[in-house]
Amino acid sequence: MLIFAVFIKLLSSKKSRVVFTVLLLQLFSTLPFSATAATAALTDYFRESWNTRQGLPHNTINSISQTPDGYLWFATWEGVARYNGREFKVFGREQQTGLPDSGIRALHLDPKGRLLVGGSRGGLALLQDQQWRPVDAVSALVNEVRGDAKGQLWVGTEGGGLFCLHPDGSRQQWTRHHGLPSNTLYSLLHDDQDGLWLGTAEGLAYLQQGKVQTVANSPKLPVFALAYYQDQLYLGTERGLYQQQGEDFVLVRPELHQTAISRLLVDHQGDLWIGTIEEGVFRLSNYGLEQLSARHGMPNNRVLAIYQDSEHSIWLGTNGGLFRLRDAPFTTLSAEHGLPDNFVRTVLQHSDGTIWIGTARGVARYKDGQLLTANHLLTDQSVLSLAETPQGDVLIGTYSSGVFHYSQGKVAKLLDRNSGLLSNEVRAILALSEADIWLGTAQGLNHYQDNKLSSYTTRDGLPADFVIALHKTADVLWIGTGAGVTRLVNDQFEALVLTQLDQAEYAFDFYEQPEKNLLWLATDRGLVRYRLGSGELSLIGRKAGMPFDKIFQVQPDSHGNFWLSSNRGILRIDQLEANAVADGTLAAIPFELFGESDGMLSAQANGGSNPAAIMANDGVLWFATASGISRVQPSRLTTFSDAIPPVVLEELLVNGVEKTISGSIDLPPDSDRVELHFAGLGYVMPERIQYRSRLVGFDENWLNKGKQNFAEYTNLAPGSYEFLVQAANSGGQWSEAARIELIKHPHWWQTRNFQWLSAISLMALLSILGYWRVSSLRHSEQRLKLQVAEKTAELQQKANSLQAADQEKSTLLAQLHQQTLALALQARQDGLTGLANRRAFDEVLIKEFSRSQRLKHPLVLAFIDIDHFKKINDTWSHHAGDLALVAIAEKIRQHSRSVDCAARWGGEEFALLMPSTSLEQAHMVCERLRLEIMALEWQDIADDISITVSIGLAISDELSDAKQLLFLADQALYQAKQQGRNQVCAA
């Protein structure tokens, strides 16, 4: 009681209450913050970094923001960089921005959706709807900018105090003279009382209704960051993190008491992110206080900016570049999380719920969401294979010490070379019972039964001694080796020949579907399906669209998919589509490829030992890789595809010249080539974003562009068009369309007035000729009647004169007919090269495509594009370019048969249509054409000029529409350009 009374008396003084408050806060700070709910530990986030090698203008990232259109913006000392998920575009000191210097210090998105940009020399600018508006500079370097709902801009500077820029153009300034503790401001934070907290170099101040006052009891330290966390004001200072408690400010988290804190961010889950000057970043959540630093992969420990984007990824700006933490389909357990080694060869789901992980330094176990790091086994062994016996014991195959047996917490050697094992390198174990175990080794097959060991090698019928996979179906033992598959049936080996399947040899894994009587084989030539009843074999390999040959493991999920591991990532395919390809009813297998950008530390999955992939009891798939064990929950993939990336038009090129993008664009009559570049602004998996576009007035339907983020149109007819483009994540919904109106103006001879005038003039000419002829005939008839009575000779003379006049009229009509034919020819012929023009070519294409479909004859289309043609025009004049076009057109004409159609497609691009021609024949013709063009001499243009062409080929086989042939040829031409030009590529 006496102690309690003394305690109450102590609390009666204000000083003692403060001390007690501090003690309570420190006590509570040691407990987890249950109010927050981080979904993953900090070390489980997928981490990526960028620096100047990836396109940043400078490695110091001072501030980060995101505009409503979806772009991310990064402030650097060499300009502000706009990021679309694939590339950076830099804006600096230029007329477009109006900034006085390229050094950018601060970014902020105000309530009106405007991006505020502040930097060195007091430079300020506003960006809204991709339009820049400069703001009159303030008198010092800008450290922080903020905007409020009234449209006011608040600017904290280095040495110049605080500025407020009003919408009417007026401004106010506050300095030490007005009550600021310092003229240097680092941080600004609005509250809900229409007040503004000011973090200065000498403590905290508060501005309300135009008056500044220093906050009593606040730490007299530089306040670099301010944030509201759990309804309390937090200060990040030069020495620790402070929390406001009534009129007092107390230090929180003892671990941070001497830490210089640069930035604070409260994320969408209510977790507090703490950037520091020398110790990386911390996060305060239900996981406690976690830390990431340079030893976890951060570019630098100095954090200058923290930002959460619309996809909930966390971006950190450092002195060494940009760092991102994000969710990903895959997560990876590695040595950082407690694995004994990153090189994982095998993984096993135990019946007790534990996951066993075999690494190059022993076995780790995982249960209830955590690695049991204190219970690693055989840490001196490189583990190759794992298997569970029916009794729950575990067999562990090693690289150099044979097989170990784990039972009731103890590990003992079971078999090795000294006890008769063919090799200590054990790559596959099949435990049928405690007394019936098959072992695949590097030197053959062993059978351990009733404590006796039998051996089988190539001398006994194995195709190879290197055994890497074992499986039992009914009474048949399947053995996968380095030289094929064999089956042990009634103690006899029967080979399963795979060489007819694209020379397949290695069989890495078996997966059986008993309900469908199917066995799937992972081989070095793809996925093989074997019908257990009929023995029919089918291959899903390169010819069926697989991106590579070698497949290590076949792992089904609970959603009807197969997951296939490989050296180059994890493939996901649909089981129904796999069977359709194997049955021959589907030509190519659709797939998704997952790799390092999807959360794997390494896309190299391991094979050659078993099992190297499993589905755990909770449906999560586990894959052994060269850098840890990677996991994916298939049901989570929909969360990534459900996000709809906004799409923006980024660039419009007309005849190679960039045009400013607006709602409506006028195209001059000579606009032969129009290119539109666009971007889907998703950052979690930008490489998976798909596009489709449509030019209304030209395209009947949407055109799927795949991952191609541009559209190109040549020789558009005069008229009004609307270009639409949409983006979607793989398997997700399409975004709202970005659109732009294109108005192509006609040449003067294409105008309606000229066409009407031409028609009227022709009709008038014909009327005059008709009237003249009738009048002449009537006059001759009258003259004949008058002279018939006079004399026969004069009659004959007049008759001859009439005949001559008639001949003259016939000659005039013939000349008129020739002129009409010439005009018709000009309408179908390119005036420069003499080849067919686009209109004539389109008519021939439709006719020949219909003919090829009807007669089942192949039809090949080649697109021929002059490489770097713009350089010829720019360097040696457009006349030189015309000479080059004429010469190349002549070469194309020389390589054309009478049945072929050669045309000038537009600009520097030609088309060659070759009926009844195979793809190989067309490739030979185009290769000869390419070589002859490359060998042409151009002395009439310049001595040092050389011209090459890129050619794309497509064939009509299995196509139903001529537009598809055009699209495939254009894709092949694009591929030829991307691969370096001066080559022939076929679709």
Side-chain angles (χ1 to χ4, degrees), residues 7 10-36 38 42 143-144 180-182 184-189 191 195-206 213-267 270-293 301-306 316:
F7 182 70
L10 283 172
L11 288 182
S12 63
S13 68
K14 179 178 179 181
K15 183 176 181 181
S16 298
R17 288 198 301 270
V18 172
V19 172
F20 181 64
T21 302
V22 172
L23 290 174
L24 282 177
L25 283 171
Q26 294 207 356
L27 173 63
F28 291 135
S29 69
T30 62
L31 301 175
F33 277 68
S34 59
T36 56
L42 198 53
N143 279 333
E144 187 72 295
L180 281 177
S182 169
T184 294
L185 282 82
Y186 296 120
S187 51
L188 307 174
L189 180 65
D191 64 12
L196 183 65
W197 295 98
L198 311 173
T200 80
E202 297 182 30
L204 184 66
Y206 187 67
Q213 65 181 72
T214 300
V215 178
N217 300 326
S218 65
K220 305 308 179 193
L221 296 168
V223 179
F224 298 124
L226 294 166
Y228 278 107
Y229 174 56
Q230 297 183 347
D231 298 323
Q232 296 293 327
L233 180 65
Y234 275 70
L235 284 63
T237 76
E238 189 177 56
R239 289 199 298 275
L241 179 65
Y242 285 81
Q243 177 188 4
Q244 187 181 32
Q245 287 287 322
E247 296 180 357
D248 298 315
F249 289 83
V250 294
L251 280 164
V252 295
R253 302 303 305 194
E255 305 95 319
L256 301 174
H257 283 186
Q258 297 302 315
T259 300
I261 295 172
S262 56
R263 285 289 182 266
L264 297 174
L265 170 76
V266 179
D267 67 17
D271 299 331
L272 180 64
W273 294 78
I274 305 163
T276 73
I277 291 178
E278 295 180 343
E279 300 177 36
V281 67
F282 292 85
R283 184 183 68 175
L284 195 56
S285 71
N286 57 306
Y287 286 92
L289 186 67
E290 305 165 278
Q291 181 185 15
L292 283 180
S293 62
N301 279 335
R302 186 180 181 91
V303 176
L304 302 172
I306 310 178
L316 304 177

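Everything numeric here is computed off the predicted structure, so don't read it as measured data. Computation of the quantities below employed the complete heavy-atom set of this structure, encompassing side-chain atoms and omitting hydrogens, waters and symmetry-equivalent molecules.
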J.: Test your reading of the model: is there a side-chain donor-acceptor pair from S262 to the backbone of G275, 3.5 Å cut-off?
T.: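 It does hold such a pair.
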J.: Can L42 and Y287 be said to form a side chain to side chain contact (heavy atoms under 4.5 Å, CB included), step by step?
T.: CA-CA 9 Å; L42 198 53; Y287 286 92; over 6 Å; no
J.: Quick one: CG on N301 to CG on L292, what's the gap to the nearest 0.5 Å?
T.: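 CG of L292 is found 10.5 Å from CG of N301.
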J.: side-chain contact (heavy atoms from CB on, under 4.5 Å) with L241: which of L251, L235, T276, L264?
T.: L264
J.: Which pair of non-hydrogen atoms, one from Q245 and one from V250, has the smallest distance, and what is that distance?
T.: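 Shortest heavy-atom contact: CG-CG2, 3.9 Å.
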J.: Tell me every residue that passes side chain to side chain donor-acceptor pair (under 3.5 Å) with Y206, counting only those two or more places apart in sequence or in another chain.
T.: D191
J.: Decide side chain to side chain contact (heavy atoms under 4.5 Å, CB included) for Y229 and L284; before the verdict, give the C-alpha distance in whole Å, the side-chain angles of both, and the deciding distance to 0.1 Å.
T.: CA-CA 10 Å; Y229 174 56; L284 195 56; 4.0 Å; yes
J.: With sequence neighbours left out, write down each residue that passes side chain to side chain donor-acceptor pair (under 3.5 Å) with T259, or none if nothing qualifies.
T.: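 By the side chain to side chain donor-acceptor pair (under 3.5 Å) rule, T259 matches E279.
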J.: Sequence neighbours excluded and cut-off under 3.5 Å, please list the side-chain donor-acceptor pairs for residues 218-228, or say none.
T.:
residue	atom	partner	partner atom	Å
S218	OG	V215	O	2.7
Y228	OH	W197	NE1	2.9

J.: Taking atom CD of E255 and atom CG of L289, what is their separation to the nearest 0.5 Å?
T.: 5.0 Å
J.: Mind checking the CG-CD spacing from N217 to E247? Nearest 0.5 Å is all I need.
T.: 7.0 Å
J.: Looking at R263 and L304, would you say the former's side chain and the latter's main chain have a donor-acceptor pair under 3.5 Å?
T.: yes
J.: Any donor-acceptor pair under 3.5 Å linking the side chain of E144 with the backbone of S187?
T.: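 Judged by distance alone, no pair lies under 3.5 Å.
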J.: Search all heavy atoms of Y186 against all heavy atoms of N143 and return the closest pair with its distance.
T.: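 Here Y186 and N143 meet closest at CD2-ND2, 4.0 Å.
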J.: Within the supplied structure, the quantity of interest is the number of heavy atoms (other residues, nucleotides, ligands) at a distance under 6.0 Å from Q232 CD; does it exceed 12?
T.: yes
J.: Give, for atom CD of Q244 and atom CG of L233, the distance between the pair rounded to the nearest 0.5 Å.
T.: 5.0 Å
J.: Can you name the residues that form a side chain to side chain donor-acceptor pair (under 3.5 Å) with E202, not counting sequence neighbours?
T.: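 Here the qualifying residues are R176.
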J.: Run the numbers on L196 and L188 for side chain to side chain contact (heavy atoms under 4.5 Å, CB included), then give the verdict.
T.: CA-CA 7 Å; L196 183 65; L188 307 174; 4.2 Å; yes
J.: Could you measure the distance from the CG atom of L180 to the CG atom of L198? Nearest 0.5 Å is fine.
T.: 6.0 Å
J.: Tell me every residue that passes side chain to side chain contact (heavy atoms under 4.5 Å, CB included) with D267, counting only those two or more places apart in sequence or in another chain.
T.: Q269, D271, W273, Q308, I314
J.: Determine whether F282 and L256 satisfy the following criterion, side chain to side chain contact (heavy atoms under 4.5 Å, CB included), listing intermediate values before the conclusion.
T.: CA-CA 9 Å; F282 292 85; L256 301 174; 3.8 Å; yes
J.: With sequence neighbours left out, write down each residue that passes side chain to side chain contact (heavy atoms under 4.5 Å, CB included) with Q258, or none if nothing qualifies.
T.: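 So Q258 forms a side chain to side chain contact (heavy atoms under 4.5 Å, CB included) with R239.
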